[in-house]
Participant: 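Can you keep this structure in mind? I'll have questions shortly.
Counting starts at 1 for both ligands and their atoms, following the listed order.
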Amino acid sequence: MQISLRDRFTGSILGVALGDAYGAPYEGGPLERLLWRSLGLFKPGTIRYTDDASMTLTLIRSLIEDQGVHQDMLALRWAAAARWSRGYGPSALRTLKRIRRGADWRQANIHDYKDGSFGNGAAMRVAPIGLLFHHALERCDEAAEQTAVITHAHPLAIEGAKLIARATAHASDNTPPVAIVDALQSAASAEPYIERLAIARQMLDEPVDLPAVRQQLGRSIVAAESVVTAIWLACSHMESTFEQLLQTAHAIGGDVDTIAAMAGGIWGARRGRASLSSNLLERLEDCEAFEHAAENLVALHLQFLESD
Ligand code: R7I
Ligand code: MG
Ligand code: MG
């Protein structure tokens, strides 16, 4: 079956939002879960998304408005949209608040950690870059880095964002799962990613072993301990339903919303919107906004293709 570009873009962005929203109630320890269960119930019948999908949506709107990555504008837009109630990473929220108060992102991003944060916050929001530049992987890398560094200057956070962007790009080109991991292994340069991608590649040939996934790939909010987990999750569930992917994300535990969001973006880019169930979509907060943004991203992609 032919899957259109529009179906792949909307599938990917809705995949991010669904993974995030349906993963959030399972994230972290008992206290975090309790807090999210009360925050997440703000509208009856609606599943609330968190920082992962919020920053993804703002990134798409910024790409459209600015006709590409404009770092200073993007920093201001992310800062303006940040709300603690969306469950931001602690340092990321402080960085965005500093930018909101007038600090330059080039200083704000190294205030808490001198080399910058190595959290997974840069990778969780990068799917739009993979879609927009899926025809030009070097530009994809460059744009992923430009978006990452605004809040996450650490090389491991940046490489994590590049890997998720590339994985999304390959998936949107209909690359089969094993070939996605092979391509990422050739692209990776930092040891933690090279090692984990080799393990993930091997795991694709074996039955799913969740304790091994948790131990060897990781499940934390640190980029190096969640990016490859998400890539494995998407690639090992490429022929499964989205609900099955979510179920495995819940069972892995840890940073569930983010692992499911990153995996959901990759899965949706290959499988397309038509493979997402309407049961899940019906309850997603702001579902139309994500879909509309993804459609605008298709138009920008086509515009870039024409001018190349
Ligand atoms: O990376 P970030 O935006 O967090 C994203 C996560 C996702 O799970 C979201 O769903 C949301 O829940 O948060 O936020 P940061 O605060 O930049 O980084 C996350 C955490 O990584 C920090 O709070 C630290 O615990 C850790 N961390 C570091 N620890 C020591 N040294 C990040 N960088 C460092 C570091 O340099
Ligand atoms: Mg989150
Ligand atoms: Mg998270």
Side-chain angles (χ1 to χ4, degrees), residues 15-29 31-37 39-40 42 47-59 74-75 78-79 81-99 103 105 107-127 144 147-164 190 192 218-230 233 246 249-250 252-265 284-286 290:
V16 171
L18 289 174
D20 175 22
Y22 283 91
Y26 296 83
E27 183 185 17
L31 270 179
E32 273 172 286
R33 288 176 183 213
L34 198 65
L35 176 68
W36 195 255
R37 292 232 158 99
L39 282 176
F42 79 130
I47 303 288
R48 185 171 157 88
Y49 59 84
T50 81
D51 55 335
D52 311 53
S54 174
M55 292 192 93
T56 303
L57 187 57
T58 303
L59 170 58
L74 180 56
W78 270 338
R83 301 281 178 278
W84 77 268
S85 60
R86 294 275 179 206
Y88 281 74
S91 168
L93 188 59
R94 284 194 295 272
T95 302
L96 292 169
K97 281 185 177 165
R98 273 183 216 111
I99 296 170
W105 61 264
Q107 267 92 54
N109 65 2
I110 47 167
H111 185 280
D112 284 9
Y113 305 112
K114 74 173 174 43
D115 298 322
S117 167
F118 52 58
N120 57 16
M124 73 185 182
R125 63 193 186 209
V126 82
T147 64
V149 71
I150 294 171
T151 50
H152 291 70
H154 197 284
L156 287 176
I158 293 171
E159 179 147 340
K162 285 184 183 174
L163 288 171
I164 294 294
R219 58 173 188 174
S220 82
I221 61 175
V222 166
E225 292 169 3
S226 50
V227 160
V228 179
T229 315
L233 178 62
L246 277 178
H250 295 162
I252 293 170
D255 193 0
V256 181
D257 66 334
T258 304
I259 292 171
M262 295 189 287
L284 174 67
E285 178 194 8
D286 291 343
F290 289 104

Participant: Could you go through the side-chain hydrogen bond (donor to acceptor under 3.5 Å, both in side chains) check for H111 and R98 one step at a time?
Facilitator: CA-CA 9 Å; H111 185 280; R98 273 183 216 111; 3.0 Å; yes
Participant: Just which atoms of ligand 1 are under 4.0 Å from any heavy atom in D257?
Facilitator: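 In order of numbering, the contacting atoms are 10 (O).
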Participant: Which bit of F118 is near ligand 1, meaning a heavy atom under 4.0 Å away: side chain, backbone, both or neither?
Facilitator: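 The answer is both.
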Participant: Listed by chain and number, what are the salt bridge (Lys or Arg N to Asp or Glu O under 4.0 Å) partners of R83, not counting sequence neighbours?
Facilitator: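 Result, salt bridge (Lys or Arg N to Asp or Glu O under 4.0 Å) vs R83: none returned.
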Participant: Does A157 have a heavy atom less than 4.0 Å from any atom of ligand 1?
Facilitator: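 Contact absent.
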Participant: Of the backbone atoms (N, CA, C, O) and the side-chain heavy atoms from C-beta on, which set of T95 has a member under 4.0 Å from an atom of ligand 1: side chain, backbone, both, or neither?
Facilitator: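 Neither; no heavy atom under 4.0 Å.
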Participant: At their closest point, which heavy atom of H154 faces which heavy atom of S117, and how far apart are they?
Facilitator: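 Closest approach of H154 to S117: CB-O, 3.1 Å.
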Participant: Work out which heavy atom in A79 is nearest to a heavy atom in L96; give both atom names and the distance.
Facilitator: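 Closest pair (atom of A79, atom of L96, distance): CB-O, 3.4 Å.
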Participant: Just jot down the side chain to side chain contact (heavy atoms under 4.5 Å, CB included) partners of T258, sequence neighbours excluded, or say none.
Facilitator: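 Per chain and number, T258 pairs via side chain to side chain contact (heavy atoms under 4.5 Å, CB included) with D52, N120, M124, D255, M262.
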Participant: Quick test: of every protein heavy atom, which one is nearest to atom 18 (O) of ligand 1, and how far off is it to 0.1 Å?
Facilitator: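 Residue, atom and distance for the closest contact: S117 OG, 3.4 Å.
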Participant: Sequence neighbours left out, what passes side chain to side chain contact (heavy atoms under 4.5 Å, CB included) with A75? Give chain and number order.
Facilitator: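 A75 satisfies side chain to side chain contact (heavy atoms under 4.5 Å, CB included) with I99, W105, I150 once adjacent residues are dropped.
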Participant: With a 4.0 Å heavy-atom cut-off (strictly under), which part of H152 contacts ligand 1: side chain, backbone, both or neither?
Facilitator: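 Side chain only; the backbone of H152 stays clear of ligand 1.
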Participant: Carefully, step by step, assess D257 and R86 under the rule salt bridge (charged side-chain N to carboxylate O under 4.0 Å, His left out).
Facilitator: CA-CA 12 Å; D257 66 334; R86 294 275 179 206; over 6 Å; no
Participant: Between the side chains of D20 and R125, is the shortest nitrogen-to-carboxylate-oxygen separation below 4.0 Å, so that they form an ion pair?
Facilitator: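 Looking at R125 and D20, the cut-off is not met.
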Participant: Which is it for D51 and ligand 1 at heavy atoms under 4.0 Å: side chain, backbone, both or neither?
Facilitator: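 Side chain only.
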Participant: Which protein N, O or S atoms lie under 2.8 Å from the Mg ion (ligand 2)?
Facilitator: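 Near the Mg ion (ligand 2), below 2.8 Å, one finds T50 OG1, D51 OD1, D52 OD1, D257 OD2.
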